[in-house]
Number of protein chains: 2
Amino acid sequence: MRKALADSEIETRRRYPVPAETDPAIEALVQDIIGKVADKWTMLILEALQEQGTLRFTQLGKAVGRISQKMLTQTVRQMEQDGLVHRTVHPVIPPHVDYTLTPLGESLSAAFCGVWIWAEAHHAEILRAREAFAAARKA
Amino acid sequence: MRKALADSEIETRRRYPVPAETDPAIEALVQDIIGKVADKWTMLILEALQEQGTLRFTQLGKAVGRISQKMLTQTVRQMEQDGLVHRTVHPVIPPHVDYTLTPLGESLSAAFCGVWIWAEAHHAEILRAREAFAAARKA
DNA sequence: TCCGACACTCTCCTTTCGGTGCGTATAAAT
DNA sequence: ATTTATACGCACCGAAAGGAGAGTGTCGGA
């Protein structure tokens, strides 16, 4: 247990002030977008539509995996609202609805591509880190 | 209102079966990782540490923006567990804790970089899409 | 002697997430 | 006449996320 005096020596290592923030309105908007877009279901739907092109409701559900109808509807509606997907309703019976990525959606999908690659490349490393953490905790 | 017969003509446009899935265990793990990593707070903390280098608890909180202590602690602990951040405790009084990205964390940050750029580049477009959606809804 | 600083933890409390199940419209197939 | 298929909306419910505020331990400074 060292004294608090040692603190200053640590402190001097980085002394830059908190940098000036950019326009808070834009910042808030970007955070909002990140909050919506960095969502598990959004990412999975994006991914599914990206590699399948066009899918209808139930097909999309199967492509995503274990997602409930409710979440699928909800997420897809939000994505439509944000201009990420295009929803085409064919007025036939029984109903038929097609979903496709808009150019905006495609660009986001491309941006997320790096994250997918990262996840596939580093999952083993994460598992190791978790084990190391658990082991270190016992001691 | 057209008849359901028109359906088949729509249907024939894409006729590929759902493609074979990859190893379900890996797939589940990747989805789990995505679920953890594609989190608003994780992304914001990653971003903050990426551009500030090293931060201590309260500094990190300010850098992120409006985050509660609870969420900050919680997220940062999860990130530590997954090997994304390194946490250094200086045993002085009052306490002093430093947070830095690990190489793994830096690589994830780099992967997310594209998403940040995307968000900054397209936020205006999203706003327009939302307005268009709201306008179309009235009609 | 009391306050403030730091990095939390702990206890409520409210909001959101997400699942299940039911209803609906209508034509075609059995 | 009954069933089936499709893409949902709606209501209900438990679980989890997340915020607010108080408490903690110790020391240096007023």
Side-chain angles (χ1 to χ4, degrees), chain A residues 1-11 31-32 34-45 49 54-81 85-100, chain B residues 1-11 31-32 34-45 49 54-80 85-100 137:
Chain A
M1 279 289 195
R2 279 144 76 215
K3 300 279 182 61
L5 286 177
D7 204 29
S8 60
E9 126 202 352
I10 296 166
E11 193 64 18
Q31 284 209 12
D32 171 64
I34 291 292
K36 286 220 174 83
V37 134
D39 167 70
K40 190 188 171 190
W41 299 130
T42 304
M43 283 190 65
L44 293 173
I45 291 173
L49 287 178
T54 298
L55 289 174
R56 43 193 301 192
F57 189 77
T58 39
Q59 289 179 322
L60 183 53
K62 281 177 191 166
V64 167
R66 35 184 67 262
I67 184 173
S68 66
Q69 286 190 340
K70 182 183 173 183
M71 275 298 101
L72 185 52
T73 311
Q74 210 173 91
T75 310
V76 122
R77 282 281 147 70
Q78 179 67 55
M79 290 172 77
E80 188 193 2
Q81 201 174 130
V85 301
H86 185 233
R87 181 162 169 271
T88 314
V89 181
H90 303 282
V92 294
I93 285 167
H96 184 150
V97 182
D98 278 333
Y99 295 96
T100 322
Chain B
M1 280 288 194
R2 279 143 76 216
K3 300 279 182 62
L5 287 177
D7 203 30
S8 60
E9 127 202 352
I10 296 166
E11 192 65 18
Q31 284 209 13
D32 171 65
I34 291 293
K36 286 219 174 83
V37 133
D39 168 69
K40 190 189 172 190
W41 298 131
T42 304
M43 282 191 65
L44 293 172
I45 290 173
L49 287 178
T54 297
L55 291 174
R56 41 195 301 193
F57 189 79
T58 40
Q59 289 179 322
L60 183 53
K62 281 178 190 165
V64 167
R66 37 184 68 263
I67 183 173
S68 65
Q69 284 191 339
K70 182 183 172 181
M71 274 299 99
L72 185 53
T73 311
Q74 209 172 96
T75 310
V76 121
R77 284 280 147 71
Q78 179 69 55
M79 291 171 77
E80 190 194 0
V85 300
H86 186 233
R87 182 164 167 269
T88 314
V89 181
H90 302 284
V92 294
I93 286 167
H96 184 150
V97 181
D98 280 333
Y99 295 95
T100 322
R137 203 176 175 182

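Lettering of chains follows the sequences in order, A, B, ..., and the numbering in each one begins at 1. Reckoned from all heavy atoms, side chains included, excluding hydrogens, waters and symmetry mates.
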field: Lys40(A) NZ - dG18(C) C1' separation (whole Å)
entry: 10 Å

- line: With sequence neighbours left out, the residues meeting side chain to side chain contact (heavy atoms under 4.5 Å, CB included) with Thr88(B) are His86(B), His90(B), Asp98(B)

- line: Between CD1 of Ile67(A) and P of dA7(D) the distance, given in whole Å, is 15 Å

query: Would one find a side-chain N or O of Trp41(A) under 4.0 angstrom from OP1 or OP2 of dG18(C)?
result: yes

field: Side-chain heavy atoms of Trp41(A) within contact of Leu44(A), under 4.5 Å
entry: yes

- request: For Asp39(B) and dT16(C), give me the distance from atom CG to atom P, rounded to whole Å.
  value: 17 Å

Side-chain donor/acceptor pairs under 3.5 Å, residues 67-78 of chain B, sequence neighbours excluded:
{"from": "Ser68(B)", "atom 1": "OG", "to": "Met71(B)", "atom 2": "N", "distance (Å)": "3.3"}
{"from": "Thr73(B)", "atom 1": "OG1", "to": "Gln69(B)", "atom 2": "O", "distance (Å)": "2.8"}
{"from": "Thr75(B)", "atom 1": "OG1", "to": "Met71(B)", "atom 2": "O", "distance (Å)": "2.6"}
{"from": "Gln78(B)", "atom 1": "NE2", "to": "Asp82(B)", "atom 2": "OD1", "distance (Å)": "3.4"}
{"from": "Gln78(B)", "atom 1": "NE2", "to": "Asp82(B)", "atom 2": "OD2", "distance (Å)": "3.3"}

message: What is the distance, to the nearest angstrom, from the CE atom on Met71(A) to the P atom on dA7(D)?
response: 19 Å

task: With rounding to the nearest 0.5 Å, note down the distance linking OG1 in Thr42(B) to NZ in Lys36(B).
output: 10.0 Å

- prompt: For the helix from dT1(C)-dA30(D) to dT30(C)-dA1(D), what is the angle between the axes at its two ends, each from 5 pairs, rounded to 10°?
  reply: 20°

task: Enter the distance from Thr100(A):OG1 to Leu55(A):CG here, rounded to the nearest 0.5 Å.
output: 8.5 Å

- request: Could you list the residues that satisfy salt bridge (Lys or Arg N to Asp or Glu O under 4.0 Å) with Lys40(A), not counting sequence neighbours?
  value: none

- request: Send over the distance from Leu72(B) CG to dG18(D) P, rounded to a whole Å.
  value: 13 Å

query: Would you say Glu80(A)'s side chain and Tyr99(A)'s backbone share a donor-acceptor pair under 3.5 angstrom?
result: no

task: Can you tell me the distance, in whole Å, between the CG atom of Leu55(A) and the P atom of dT6(D)?
output: 14 Å

message: I need the minimum non-hydrogen distance between Arg87(A) and Val97(A), along with the two atoms involved.
response: CG-CG1, 3.7 Å

- request: Using a 4.0 Å heavy-atom cut-off, write out nucleotides 2-13 of chain C from 5' to 3' as B (base contacted by protein), S (sugar-phosphate only) or - (no contact).
  value: ---BBSBB----

